[in-house]
Amino acid sequence: MYDNLKKKFGQNFLIDNNIQTKISNLIPSNDLNIIEIGPGDGRLTQKIIEKKPRKLTLIEKDIDLIKILNDKFSKYGYIDILNSDFLEIDIKDKYHIIISNLPYNISSQVIAKISLLKNSPNFLILMFQKEFAMRLTDKKINSINSLINCFYKIDYKFEVSRNCFRPIPKVDSRVLTFAKIKKKLIEDHEINKFIEFKRYLFSHKRKSLGNLLKKFNLVSNFDLNLRIEDLELKDLIDIFRQINS
Ligand code: SAH
């Protein structure tokens, strides 16, 4: 057992063999280009290998774990082991899948980065802290799902008890999958403004839309007594476009 766990890297290793298998079984076929973020000491990686990827790129920030990963996996010609921070690395190639038991403190940054990649993968298999996963799958819009749902259809798969990890974290987890939607709801040239706009609205989400949108001189048929969280995502995008056209 790797006995020098680093809190700052969010290291909680998934030790439950059944859950590892359940996660890797979400990989839809053989012969895919896959990224695993934060492979740790390679437990889930071992299961991914059984799915016979065409290419597997492991991105692990902790240099101490890289040695373990090299010992285990450098014999496989199709596996690349990178000692990098996923949030800083430039991903140009096209990958079919990103899979990760993520470090939870960077969940929203990771999912936002993936969604905004030019060549974003068609399918994601990601484990999150339960509460964050529930925000992503919430029927009501919120600051995080209003962005991700522009690019991916999110599905809840199963829950993972905190007891499946070592060390045992304070929270339970959930595995979600993300399937890229055919036509993204926001165009590339709109993204930055859309992020800024929804950030403004959600940071004052107790106020009525009427109040929040006053400064934009919006002529619209929306009920301005509503609050932002009462809108459907498509309404939010409509309002955004009316203001920015
Ligand atoms: N996937 C492994 C480990 C999960 S713990 C398992 O399921 O057992 C999270 C892992 O992500 C740790 O190995 C940690 O070092 C790594 N990590 C943390 N921040 C990272 C980042 N920004 N980029 C890449 N890896 C990161």
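Values in this document were obtained by computation on a predicted structure and should not be read as measured data. In what follows, residues are counted from 1 in the order of the sequence shown. When reading the values below, keep in mind they use all heavy atoms of this one structure, side chains included, and skip hydrogens, waters and symmetry mates. Just so you know, ligand 1 is whichever comes first in the structure, and atom 1 is the first atom listed for that ligand.
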Strictly by salt bridge (Lys or Arg N to Asp or Glu O under 4.0 Å), give each pair with a member in residues 93-110 just once, sequence neighbours left out.
K55-D93

Does K22 make a cation-pi contact with F158 (under 6.0 Å, within 45 degrees of the axis)?
yes

Does any pair with a residue in residues 103-113 pass salt bridge (Lys or Arg N to Asp or Glu O under 4.0 Å), and if so which ones, sequence neighbours excluded?
none

Cation over ring, K215 on Y200, under 6.0 Å and within 45°?
yes

Identify whether NZ of Lys or CZ of Arg in R174 sits under 6.0 Å from the centre of the six-membered ring of F128 and within 45° of that ring's axis.
no

Residue pairs passing the salt bridge (Lys or Arg N to Asp or Glu O under 4.0 Å) test where at least one lies in residues 234-245, sequence neighbours excluded:
E190-R241

What residues sit with at least one heavy atom under 4.0 Å from ligand 1?
F9, G10, Q11, N12, F13, L14, E36, G38, P39, G40, R43, I59, E60, K61, D62, L65, S84, D85, F86, N101, P103, I106

